[in-house]
Number of protein chains: 2
Amino acid sequence: MADLGPYDLLLSVAERGSMGRAAAAHGVSQAAVSARVRSLEAALGVTLLERSPRGTTLTPAGALVAGWARSAVDAAEALEAGIASLRAEQSSRLRVAASLTVAEYLLPRWLVALRTRNPGTAVSLSSQNSTDVAADVLADRADVGFVEAPTVPDELDAQVVARDQLTVVVSPDHPWARRRHGIDAARLATTPLVAREHGSGTRSHLERAIGPLAEPVLELASTTAIKNAAAGGVAPAVLSSLAVAPDLAAGTLVAVPVRGVALHRTLSAVWHRGRPLTGPSEDLVRIATGSG
Amino acid sequence: MADLGPYDLLLSVAERGSMGRAAAAHGVSQAAVSARVRSLEAALGVTLLERSPRGTTLTPAGALVAGWARSAVDAAEALEAGIASLRAEQSSRLRVAASLTVAEYLLPRWLVALRTRNPGTAVSLSSQNSTDVAADVLADRADVGFVEAPTVPDELDAQVVARDQLTVVVSPDHPWARRRHGIDAARLATTPLVAREHGSGTRSHLERAIGPLAEPVLELASTTAIKNAAAGGVAPAVLSSLAVAPDLAAGTLVAVPVRGVALHRTLSAVWHRGRPLTGPSEDLVRIATGSG
DNA sequence: GTGCACCCATAAGCTGCGGTTGTGCCTCTA
DNA sequence: TAGAGGCACAACCGCAGCTTATGGGTGCAC
């Protein structure tokens, strides 16, 4: 698995126009940057940079690689931001409580954005189900919370920040994949699915929307395992649109519309009514709202 | 910048349920896996795995980290797949020609999917504008091409594989960000934008849709530079929805609807009419279509 | 035209990370 | 009770990547 360090360096060089400036920005010597970029090019077998005595620019192939690298580096930054929020237990200025869906799929990117806008803010994250999040905010164990629940306690102010949707996904080879108009709710309810183990929020939400389900053909603990099973053709699965978006884009899974039933839900920020948002928490909610 | 190696290992361990099996899958010793995972946990200050004499499972924090890591590792895999396609000049079984938008934002993920379905296929990529792509396919320098052009030469078969949309983006602080109903085309045409240098496909497509534009306030060479300028509040920018999707999700940019004009375009696979798709090229087009 | 500033490349030496093998302890199963 | 499978620790080793120092090149200012 690739080390992203050299790519990060490549992006830095491309952005600043010279290896020396990139080196300064990273706090290393110019020679180190030169050597690292050279070894990256050697490993790839492609020349990425056009050197000149006046500086350095990307070759066409380099521009393509830089574009791809940007995505990977951004994803790695989101990972790091998330991890930082797990570690910063004490002395953190902003305490966030978030439901699993928000914590897994949305929060890291918000934290990256928050960090660029407001560096030096230590964020601590605790992740639980929606009712526990609300309790944490009420008890002042968290400055701001993010929940999936349609209703929140009276003592909390709330603002919708995003929307997701339960999505039926199948392997591209599955017969449902060819149905342009999808399936109806009754068909979904009577088809054995690959599902999360009992008690999952997604599963209960689905049952609330379309009634009792057929016995699952397979129960698995993690979203990834479910996606793999569905992509392998075991059976259809129902997951959050946030969870399956990359797989749909890659074509490894295909979404099947469901007629006659609304499967979306809203994700909201919540905070204590008596304690208005201040500074970092206000910034975070604003960032989150932008993504709606 | 993080090295994704340890995270890849973590995912492997989580998936297989024991360090020994993960070690075997990666071709290293069990002790190496144990040490690496331990050092990762030490660096993070968080226990990720629950060890037992019967194997290993993720802790709750570990599951969260694993979810984040999955995104980063997937992005890195797309990067590697793209790079492999640049390097594989000769003796490759599948020659692909793609326009810049497709090559940058869609193709790498398709290649990852193709590799899992059809390992051992060496893919070579050449990236140019749409008319050159069509020429490559016609001259049998490429087995399959991906273009943005609305029309293709008669000698080519075509299939729509995806759709993108020119999107007006502004900083979250910009006045347009608060307009729920967006702006009209005339307003857009008379507003100085941050734009690509003259001759870009995006820019000419925009002019074809809404007529002559105001003189840009700033011209930049790369998509990233344009996004940074727009996010910094310099001026609005117009970019492909594929390019700005992550920034919209992160909240660093806000999309502004444009009333009364259709700004979408289709991305199509093309191949020589006399030479039907076979094996790998057929798989690739099928994967690409799934993402539509 | 002659410094000077800025650029990239190379050389030589050092440090530390990650890998290996070998061993120990634990627990569940047959 | 023996064996299999699991994780951890110790000792040793090789290599990747960093540093400093130096050289060759170009363009600009005076």
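Naming convention: chains lettered A, B, ... in sequence-line order (proteins, then strands); numbering from 1 in each chain. Since we're looking at a predicted model, the values are computed, not measured.
Looking at heavy-atom distances under 4.0 Å, A:V28 makes contact with sugar-phosphate atoms alone, never a base. In this structure, B:A35 reaches neither bases nor backbone, as no heavy-atom distance under 4.0 Å exists between it and the strands shown.
Between C:dC7 and A:S18, a contact under 4.0 Å exists linking OP1 or OP2 to a side-chain N or O.
A salt bridge is defined here as a Lys NZ or Arg NE, NH1 or NH2 lying under 4.0 Å from an Asp or Glu carboxylate O, and A:E41 with A:R36 fails to meet this definition. A salt bridge is defined here as a Lys NZ or Arg NE, NH1 or NH2 lying under 4.0 Å from an Asp or Glu carboxylate O, and B:D283 with B:R117 fails to meet this definition.
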- [ ] Kindly determine whether B:Y105 and A:W68 satisfy ring-ring contact (aromatic ring centres under 6.0 Å, His included), including the steps that lead there.
- [x] CA-CA 8 Å; B:Y105 296 107; A:W68 297 333; over 10 Å; no

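Between the NE2 atom of B:H26 and the P atom of C:dT20 there is a distance of 13 Å, given to the nearest Å. Atom CZ of B:R38 and atom P of C:dG19 are 16 Å apart (whole Å). Rounded to whole Å, the distance from CD on A:Q30 to P on C:dA5 is 17 Å.
Residue B:V13 is the one, among A:P6 and B:V13, whose nearest nucleotide of DNA chain D lies closer to the 5' end (criterion: closest heavy atom).
A:F146 has its side chain out of reach of A:L106: every pair of non-hydrogen atoms, C-beta onward, lies at least 4.5 Å apart. A 4.5 Å side-chain heavy-atom check between A:P192 and A:E215 finds every atom pair outside the cut-off. At least one side-chain heavy atom of A:V33 sits less than 4.5 Å from a side-chain heavy atom of A:V13. Residues A:D136 and A:D132 fail the side-chain proximity criterion, which asks for heavy atoms closer than 4.5 Å.
With hydrogens and angles disregarded, no donor-acceptor distance shorter than 3.5 Å links the side chain of A:K227 to the backbone of A:T252. Checking side-chain atoms of A:S71 against main-chain N and O of B:A75 turns up no donor-acceptor pair under 3.5 Å. Remark: the backbone N or O of A:L239 is not paired with any side-chain donor or acceptor of A:T202 at under 3.5 angstrom.
Listed by residue number, B:P53, B:R54 are the residues of residues 47-58 of chain B with a heavy-atom contact under 4.0 Å to DNA chain C.
For the helix from C:dG1-D:dC30 to C:dA30-D:dT1, the axis fitted to the five pairs at one end and the axis fitted to the five pairs at the other end meet at an angle of 20° (nearest 10 degrees).
Along DNA chain D, the stretch of nucleotides lying under 4.0 Å from any heavy atom of chain B spans, 5' to 3', D:dG6 to D:dC9.
Atom CZ of B:R196 is separated from atom CZ of B:R203 by 11.0 Å, given to the nearest 0.5 angstrom.
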